[in-house]
Amino acid sequence: MPQLSWEEFERVEIRVGTVVREEEFPEARKPAYKLWIDLGEIGVKRSSAQLTGLYRREELAGRQVLCVTNFPPKQVGKFVSEVLTTGFVVEDGKVVLAQPERQVPNGTKLA
């Protein structure tokens, strides 16, 4: 596994946000939801998230998630994903969300 320097790690902006809106995303090549995530001072950002295997759309609203906020926007069909919602891919290819253990102010950076 390649190693990163501390300086390289510090360049990755991983911040917490709260899902404020979610929609089905039938146009996506892989099953996904469209999410709008409140990242505090950064604002509300959009994310295409492949979470359909373990999460119903309705249970995502109000949930805090960890997002990489400094990747360039990515065009996914007709939707622009502005942040990467993070998670763990488990054996069957489903994604388990990465979440803070306790409520954290939106926009807080992972240290």
Backbone N/O of [Y] and side chain of [X]: donor-acceptor pair under 3.5 Å:
{"X": "Tyr33", "Y": "Leu60", "value": "no"}
{"X": "Gln75", "Y": "Gly77", "value": "yes"}
{"X": "Asp38", "Y": "Val20", "value": "no"}
{"X": "Ser81", "Y": "Ser48", "value": "yes"}

Starting at [atom1] of [X], measure out to [atom2] of [Y] and round the result to the nearest 0.5 Å.
{"X": "Arg15", "Y": "Glu41", "atom1": "CZ", "atom2": "CD", "value": "6.0 Å"}
{"X": "Gln99", "Y": "Thr85", "atom1": "CD", "atom2": "OG1", "value": "11.0 Å"}
{"X": "Asn106", "Y": "Thr18", "atom1": "CG", "atom2": "OG1", "value": "3.5 Å"}
{"X": "Ile37", "Y": "Arg46", "atom1": "CD1", "atom2": "CZ", "value": "11.5 Å"}
{"X": "Ile42", "Y": "Asn70", "atom1": "CD1", "atom2": "CG", "value": "9.0 Å"}
{"X": "Trp36", "Y": "Glu82", "atom1": "CH2", "atom2": "CD", "value": "10.0 Å"}

Report yes or no: do [X] and [Y] belong to one cluster of Ile/Leu/Val/Met/Phe/Trp/Tyr joined by side chain heavy-atom distances under 4.5 Å?
{"X": "Leu4", "Y": "Leu110", "value": "no"}
{"X": "Val68", "Y": "Val44", "value": "no"}
{"X": "Leu84", "Y": "Val16", "value": "yes"}
{"X": "Leu66", "Y": "Leu39", "value": "no"}

| Matching residue for Leu35 among Leu51, Val65, Val83 - test: side chain to side chain contact (heavy atoms under 4.5 Å, CB included) | Leu51

| query | Are any non-hydrogen side-chain atoms of Thr69 and Lys45 less than 4.5 angstrom apart? | reply | no

| task | Evaluate side-chain contact (heavy atoms from CB on, under 4.5 Å) for Gln64 paired with Gln103, printing each intermediate quantity in order. | result | CA-CA 8 Å; Gln64 283 200 305; Gln103 194 76 15; 3.6 Å; yes

| remark: Sorted by chain and residue number, the side-chain contact (heavy atoms from CB on, under 4.5 Å) partners of Lys74 (sequence neighbours excluded) come out as Val76

| message | Set out, in order, the CA-CA distance, both residues' side-chain angles and the distance that settles side-chain contact (heavy atoms from CB on, under 4.5 Å) for Arg63 and Leu97, then state yes or no. | response | CA-CA 10 Å; Arg63 189 181 291 254; Leu97 279 169; 3.5 Å; yes

| task | Please indicate whether Glu8 has more than 12 foreign heavy atoms, meaning atoms of other residues, nucleotides or ligands, lying under 6.0 Å from its CD. | result | yes

